[in-house]
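Quick notes on the structure that follows.
Note that the structure is a prediction, hence the values are computed from the model and not measured.
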Amino acid sequence: MILIHRVTPFLIGLATALGFAALLNFQRNPLGAMAVTLLVVAALYVRLVGFSPRSFQFWMLVGTPLLFLGSSFGLMLFLENPNAEFALAVVVSLFVFFFAEHVFSYVHLPANYETYAIEHLSLVLNVASVFFVSVVAFGMRIFLTIYAPIWLLSALFFVVSLFVIFGTLWASKVDVSHARLYAICGALLVTEIFLTVTYLPTGFYTNAALIALTAYLFLGLTRARFVESLSKSTVRRYLVTGVVLLVMILGSARWT
């Protein structure tokens, strides 16, 4: 049985790579390729984690990589540069595989699990998911205005943000009652930023980067608060990083 679980991360990585290959080479039915890939990867993750829908662990360990993969598929639809498409496919496939590797150790071989591996990796995947979802939302806002009103996009974005923030705090071993409150507050904040940047004369990649930066700063400071490392130096480091990234984002943006 353990051998089957041992090869599952490799099957997950292979299924993800094949899904991207199908999406890039057989573009007549991209939604079908996405759906099949997500179903296969979801089934493999459920097999790896164990089907226990009443536990937070099940939803976070399965939902985090699936949201990351699904939102990256959405981003793929808006990319026009073949090199960017290939790079996205490689990066996402590797991260989905590495996450599955750490999940395998966490669930089946705790002695080999690297401390904080899922915590750190889930932070990366969740911030990236916020960026991907933001790009998709802004893209739908531009190209499908009638079918994607701002109130509907905001509601969906709030749900995604809530899951992302709660999942990151859960991975950081934050108490559920505290994590729930901070997740709601953080989701409201990120959604407000989402609504605000829709009025900026910038492209949706720039807007998505601003939202992802907001999520990164909120998650970083909140995690530091709960692991008792929120010092002046920590706040200063996040503020400096945030200001530098903000200047880079706005400085490289195309204002229309």
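Of the possible polar contacts, none joining the His178 side chain to the Leu169 backbone as a donor-acceptor pair under 3.5 Å is found. Proximity of a side-chain donor or acceptor of Trp59 to a complementary backbone N or O of Pro53 within less than 3.5 Å is detected. Counting only distance, with no hydrogens or angles, the side chain of Thr222 and the backbone of Leu219 share no donor-acceptor pair below 3.5 Å. Proximity of a side-chain donor or acceptor of Ser52 to a complementary backbone N or O of Ser55 within less than 3.5 Å is not detected. Between the Ser93 side chain and the Val90 main chain, no donor and acceptor come within less than 3.5 Å of each other.
A perpendicular orientation is assigned to the rings of Tyr113 and His102, their planes being inclined by more than 60° (bins at 30° and 60°).
Taking the six-membered ring for Trp, Phe194 and Phe158 have ring centres at least 6.0 Å apart. Two rings, from Phe68 and Phe99, have their centers 6.0 Å or more apart. Aromatic pair Phe20/Phe73: ring centres closer than 6.0 Å. Ring-centre distance between Tyr205 and Phe78: not below the 6.0 Å cut-off.
The only option from Leu44, Thr8, Val103 that meets the side-chain contact (heavy atoms from CB on, under 4.5 Å) definition with Val49 turns out to be Val103.
We find the OG1-CG distance between Thr234 and Leu239 to be 10.5 Å, quoted to the nearest 0.5 Å. Atom OG1 of Thr241 sits about 12.0 Å away from atom CZ of Arg236, to the nearest 0.5 Å. Taking CD1 from Ile193 and OG1 from Thr214, the interatomic distance works out to 4.5 Å, rounded to the nearest 0.5 Å. For the atom pair Met76 CE and Leu88 CG, the distance stands at 4.5 Å (nearest 0.5 Å). A distance of 6.0 Å separates CG of Leu245 from CD1 of Ile249, quoted to the nearest 0.5 Å.
For the pair Met248 and Val244, the minimum side-chain heavy-atom distance is below 4.5 Å. Proximity of Leu246 to Leu210: side-chain heavy atoms (C-beta onward) are separated by under 4.5 Å at one or more points. With contacts defined as side-chain heavy-atom distances shorter than 4.5 Å, the pair Ile165/Trp170 does not qualify.
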### Pair Ser105-Asn112, side chain to side chain donor-acceptor pair (under 3.5 Å): steps then yes or no
CA-CA 6 Å; Ser105 299; Asn112 295 339; 6.0 Å; no
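Under 4.0 Å is where a charged nitrogen must lie from a carboxylate oxygen, and between Glu119 and Arg223 at least one such pair does.
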